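Input: a single structure, listed below in structure tokens.
What you are looking at is a predicted structure, and each value in this text was computed from that prediction instead of being measured. We name chains A, B, ... by the order of the sequence lines, and we start the count at 1 in each one.
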Amino acid sequence: MKFGIIVFPGSNCDHDCYHAVKHIFDQKAEYIWHKETSLKGFGCVIIPGGFSYGDYLRTGAIARFSPVMQEVAAFAKNGGLVIGICNGFQILTEAGLLPGVLMRNKTLKFICKNVHIRIENNRTAFTKTYQKNQVLNIPIAHADGNYFADQDTIKRLEDNNQVIFRYSDKDGKITEDANPNGSVNNIAAIINKTGNVFGTMPHPERVCESILGGENGKKIFEGIVSATI
Amino acid sequence: MKAKVYVTLKKGVLDPQGKAVCGALESMGYKEVKGLRIGKFIEIEIDGVSQKDADKRLKEMCEKLLANTVVEDYKVEIE
């Protein structure tokens, strides 16, 4: 199984993703420069975190017009697995591959810390090896993670079980205090309707080995690998 | 031709930046300030199209890139 990791000018979590995929999960991994126009041979595409195009105009707004993004849209349309992490999630919403938008954090501050999230739906390729309602401690690092969409869109997401992670306290309670950035309904990660495009603000690739602080993100990648074999 | 594009947050969308600046003005003694929202102002130089086409194309630019219409409104003025 070959993972492709897209690299925009300003991506900075691309190496973390590469390391996780290649050295921890023993899968093939290749960087894909954003000017590339083919995704042939890849089983999963990762859009990593960072500050593509310096976050100019809006986060993800310019990256979504990079040539490779047309291919990502076609890849997703054909059922290919796409995971966008942090800036990757922002790019996927700008590209219209996921609904809604990630706005400036309510506190206006860049937040870099570990938070708790609750697994809301484990019937996806990305979360199937977690338990439903399982609580994970996982890092976030963003200034624009405040998920917003109009009421109809939120209702649709909730009705279709497209909310995958919610910010919670350590016991799994969804509270205002546990919401770091002001996201509607404490939303931290969502999936598209067909279940193959996943966007998450928390960084699973940063918690894949205990020496780096935990293994809570491992199952995301294990899920992807087992889904595509 | 010069176009001025104003991008503003839609009504009802929280603007924490505007709120913070509003609070600062109030605390400076400008008690008349009752609300403040922050947006973007973009100036675009345009050449080689008629005003009618420019209108249409600027609208496209706003829809596609300059504004995220999920949360933002835009207004275009051509000089």
Side-chain angles (χ1 to χ4, degrees), chain A residues 52-66 69-70 73 87 89-111 142-157 176 179-187 190 199, chain B residues 1-28 30 33-46 49 53-78:
Chain A
S52 56
Y53 291 92
D55 282 350
Y56 299 157
L57 194 63
R58 295 179 308 276
T59 56
I62 301 179
R64 71 72 109 230
F65 288 104
S66 278
M69 285 309 294
Q70 268 192 22
N87 188 221
F89 186 7
Q90 294 160 344
I91 294 168
L92 288 173
T93 58
E94 280 287 340
L97 292 173
L98 287 173
V101 53
L102 292 140
M103 300 184 61
R104 181 54 46 91
N105 294 343
K106 191 178 58 182
T107 57
L108 298 173
K109 290 198 168 76
F110 188 96
I111 307 169
H142 59 249
D144 300 80
N146 179 357
Y147 185 79
F148 181 90
D150 61 56
Q151 282 182 352
D152 289 348
T153 306
I154 295 289
K155 184 171 185 311
R156 224 173 25 246
L157 286 174
E176 188 58 43
N179 187 342
N181 52 28
S183 292
V184 175
N185 294 2
N186 286 40
I187 290 171
I190 59 169
Chain B
M1 230 181 315
K2 191 186 264 180
K4 293 179 170 175
V5 177
Y6 303 86
V7 179
T8 50
L9 282 173
K10 281 188 173 162
K11 246 192 185 157
V13 175
L14 188 71
D15 174 17
Q17 199 182 187
K19 232 175 161 176
V21 174
C22 186
L25 286 174
E26 280 172 16
S27 68
M28 288 159 71
Y30 295 102
V33 177
K34 296 298 173 208
L36 186 157
R37 291 174 70 78
I38 294 179
K40 291 175 192 143
F41 170 62
I42 304 165
E43 262 185 356
I44 308 178
E45 298 282 345
I46 290 181
V49 287
D53 284 348
D55 255 345
K56 191 171 147 250
R57 293 172 69 80
L58 280 158
K59 189 165 180 269
E60 256 177 45
M61 292 177 211
C62 289
E63 294 275 339
K64 283 187 184 165
L65 176 64
L66 301 178
N68 182 332
T69 54
V70 177
V71 283
E72 291 171 329
D73 288 326
Y74 61 86
K75 192 176 82 182
V76 180
E77 287 170 3
I78 298 179

Count the heavy atoms of every other residue, nucleotide or ligand shown that sit under 6.0 Å from [atom1] of [X], and state whether that count exceeds 12.
| X | atom1 | answer |
| --- | --- | --- |
| B/Tyr30 | OH | no |
| A/Phe110 | CZ | yes |
| A/Gln151 | CD | no |
| B/Glu26 | CD | yes |
| B/Arg57 | CZ | no |

Residue from B/Lys10, B/Glu72, B/Lys19 scoring the most non-hydrogen pairs under 4.5 Å with chain A is B/Glu72

Heavy-atom distances under 4.5 Å only: say whether A/Leu108 touches chain B with side chain, backbone, both or neither.
-> side chain

Under 4.5 Å from any heavy atom of chain B - which part of A/Asn105 |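 For A/Asn105, the contact with chain B is made by the backbone alone.
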
Quick one: closest heavy-atom pair of B/Leu14 and A/Met103, and the distance?
->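 The answer is O-CE, 4.1 Å.
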
CZ-CG distance between A/Arg104 and B/Leu9, expressed to the nearest 0.5 angstrom |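 Between A/Arg104 CZ and B/Leu9 CG, I get 11.0 Å after rounding to 0.5 Å.
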
How many angstroms lie between atom CZ of A/Arg58 and atom CG of B/Leu66, to the nearest 0.5 angstrom?
->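 That separation rounds to 8.0 Å.
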
